[in-house]
J.: 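If you scroll down you'll find the structure; I have some questions about it.
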Amino acid sequence: MTILNIHIDNKDKKKVKDLTESQNNKSMSEFIRKLITEQIKIQETSLSEKESQKVKIPDYIPKNKYVGFIRGAIIAVSDNPSEIAQIAVKNFPDLPLVIKYNGAKKKQMEYCFLNLSELNCWKYAQVEESSYPIFPINFKTNLGEKILSSSIDTASSLCVLKKNSFDSEDFEVKREEKVSTATGIIITKMYSCEITIFNKKFNTEFILAPIADCFPFNALIGRNLLDQLDTYLFGKKQIICLKLAS
């Protein structure tokens, strides 16, 4: 084991001591080790190659198709980014995803709507010139389990699942509720299921709603789940990190 001597001034030392005690760490050394481990995870993720600038679509790929790349290797060819993202989160959940379109450039549509004791980070998925913070989440239905590529919606109090990702019969209906949306107030069914992010399970309510196939996610995570997590977005580095809220 290598021992590092780190000099900090007395003011910061007192802050570290107070934070150590407030978070029930065994010692200041343990607290600092956790901080260093989290920073290493963030910096390692940010140093992922800028693959969007390096990958090239081979000549044999049909025109007007989307192509998914992981570390320069083709993982899928599809008519839409949504299907490619699903393949990526199922088979390569921790690796940076790049999606290119083999055709005339399209204008991207705008949208609005773990052992998690450790910090888990993902590089944003690249779809042409746009980027999206996505990560894998496991949904347990009446018929089994399914992993969905998911993003976050901090303006929403509810989680939203893509309507055609599941049949409504796959879930338990809790009740009907009025929900305020960008197009006005609607009355919709509220569903519930068990959601797993790595090894942590959450019983979560959600609605089913359309999400366009041009987006690389099939679920939006709202504050009813986000409030149980610590979420970090590093916009310039294009990284999303999650851990269980302490």
Side-chain angles (χ1 to χ4, degrees), residues 23 38-39 41-42 45-46 48 81-82 85-86 88-89 93-94 96-97 99 108-139 147-163 165-166 171 174 177-186 188-198 200-246:
Q23 297 186 21
E38 290 184 359
Q39 270 300 311
K41 175 77 75 173
I42 292 167
T45 306
S46 72
S48 298
S82 175
Q86 275 303 108
V89 297
D94 299 321
L97 171 64
I99 301 175
Q108 190 64 24
M109 188 185 298
E110 303 292 343
Y111 71 97
C112 57
F113 299 76
L114 299 144
N115 178 1
L116 285 178
S117 60
E118 296 180 357
L119 194 68
N120 294 271
C121 299
W122 298 266
K123 194 78 172 170
Y124 285 15
Q126 291 290 140
V127 183
E128 290 295 301
E129 304 303 319
S130 301
S131 58
Y132 303 87
I134 67 169
F135 49 92
I137 291 185
N138 187 296
F139 292 82
I147 297 174
L148 290 185
S149 59
S150 307
S151 192
I152 65 170
D153 186 352
T154 56
S156 175
S157 61
L158 292 169
C159 295
V160 178
L161 267 64
K162 188 174 181 176
K163 207 164 193 176
S165 293
F166 297 96
F171 301 106
K174 300 294 287 185
E177 192 79 64
K178 287 184 178 180
V179 176
S180 178
T181 71
T183 57
I185 295 175
I186 62 171
T188 186
K189 291 179 179 177
M190 299 281 294
Y191 300 90
S192 72
C193 75
E194 184 180 272
I195 293 176
T196 303
I197 307 178
F198 289 94
K200 182 65 179 179
K201 292 178 169 52
F202 305 88
N203 289 315
T204 304
E205 292 187 338
F206 59 90
I207 64 172
L208 296 174
I211 296 176
D213 286 340
C214 63
F215 296 124
F217 50 82
N218 293 300
L220 286 167
I221 305 307
R223 292 198 318 276
N224 59 330
L225 179 55
L226 284 176
D227 286 351
Q228 302 177 69
L229 305 170
D230 284 334
T231 306
Y232 306 87
L233 292 170
F234 299 89
K236 189 171 182 179
K237 294 180 185 292
Q238 300 219 316
I239 298 170
I240 182 172
C241 299
L242 297 175
K243 73 174 183 178
L244 188 65
S246 54

J.: Look up atom CD in E205 and atom CD in E177, then write down how far apart they are to the nearest 0.5 Å.
T.: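 Answer rounded to 0.5 Å: 8.0 Å.
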
J.: One pair to check against side-chain contact (heavy atoms from CB on, under 4.5 Å): I221 and I137. What are the steps and the verdict?
T.: CA-CA 10 Å; I221 305 307; I137 291 185; 3.5 Å; yes

J.: Applying side-chain contact (heavy atoms from CB on, under 4.5 Å), run through Q228 and F202 and close with a yes or a no.
T.: CA-CA 9 Å; Q228 302 177 69; F202 305 88; 3.3 Å; yes

J.: Are P81 and E128 packed together at the side-chain level, in the sense that at least one heavy-atom pair is separated by less than 4.5 angstrom?
T.: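 P81 vs E128: side chains apart.
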
J.: Is there a side-chain contact between I239 and C241 (heavy atoms, below 4.5 Å)?
T.: yes

J.: Would you confirm whether S150, through its side chain, and L148, through its main-chain N or O, come within 3.5 Å as a donor-acceptor pair?
T.: yes

J.: Do you see a donor-acceptor pair shorter than 3.5 Å between the side chains of S131 and K123?
T.: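 Short answer, no.
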
J.: Is Q238 reaching over with its side chain to a backbone N or O of A125, donor-acceptor style, under 3.5 angstrom?
T.: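 No.
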
J.: Restricting to non-hydrogen atoms, name the atom on K163 and the atom on P210 that form the minimum distance, rounded to 0.1 Å.
T.: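 Closest approach of K163 to P210, heavy atoms only: CB-N, 4.2 Å.
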
J.: Find the distance between CD1 (I152) and OG1 (T231) and round it off to the nearest 0.5 Å.
T.: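 The distance works out to 5.5 Å.
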
J.: Working to the nearest 0.5 angstrom, can you tell me the gap between K200 NZ and K243 NZ?
T.: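 So the NZ of K200 and the NZ of K243 are separated by 14.5 Å.
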
J.: Would you call L226 and T154 a side-chain contact if the rule is heavy atoms closer than 4.5 Å?
T.: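 Contact flag for L226/T154 side chains = yes.
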
J.: Please give me the minimum heavy-atom distance between W122 and I134, naming the atom from each residue.
T.: CB-O, 3.8 Å

J.: Rounded to the nearest 0.5 Å, how far apart are CG of L225 and CG of L220?
T.: 12.0 Å

J.: Nearest heavy-atom pair of A85 and P216: which atoms, and what distance?
T.: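 Smallest interatomic distance, heavy atoms only, reads CB-O, 3.0 Å.
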
J.: Ignoring hydrogens, what is the shortest heavy-atom contact between S192 and K174? Give both atom names and the distance.
T.: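 Minimum heavy-atom contact is OG-CD, 3.3 Å.
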
J.: Is it true that a side-chain atom of N224 and a backbone atom of C159 form a donor plus acceptor pair closer than 3.5 Å?
T.: yes

J.: So how far is it from T188 OG1 to K178 NZ, rounded to the nearest 0.5 Å?
T.: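 NZ of K178 is found 13.5 Å from OG1 of T188.
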
J.: Under the side-chain contact (heavy atoms from CB on, under 4.5 Å) rule, what do N138 and E194 come out as? Steps first, then yes or no, please.
T.: CA-CA 8 Å; N138 187 296; E194 184 180 272; over 6 Å; no

J.: Does any part of the side chain of S82, heavy atoms only, come nearer than 4.5 Å to the side chain of N218, both counted from C-beta?
T.: yes

J.: If I compare all heavy atoms of C193 with all of F139, which pair ends up nearest, and what's the gap?
T.: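 So the two residues come closest at SG-CD2, 3.9 Å.
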
J.: For I99, is there any backbone N or O sitting under 3.5 Å from a side-chain donor or acceptor partner on Q126?
T.: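 Here the side-chain-to-backbone pair does not exist.
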
J.: Can you see which heavy atom on V89 is nearest to which on P136, and at what distance?
T.: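 For V89 versus P136, the nearest heavy atoms are CB-CB, 3.8 Å.
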
J.: Taking the six-membered ring for Trp, is the centroid-to-centroid distance between F171 and F206 below 6.0 Å?
T.: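 Centroid separation for F171 and F206: below 6.0 Å.
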
J.: Under the criterion side-chain contact (heavy atoms from CB on, under 4.5 Å), I'd like the reasoning laid out for L161 against I207: C-alpha separation, chi angles, the key distance, then a yes or no.
T.: CA-CA 6 Å; L161 267 64; I207 64 172; over 6 Å; no

J.: Could you measure the distance from the CD1 atom of I240 to the SG atom of C121? Nearest 0.5 Å is fine.
T.: 9.5 Å

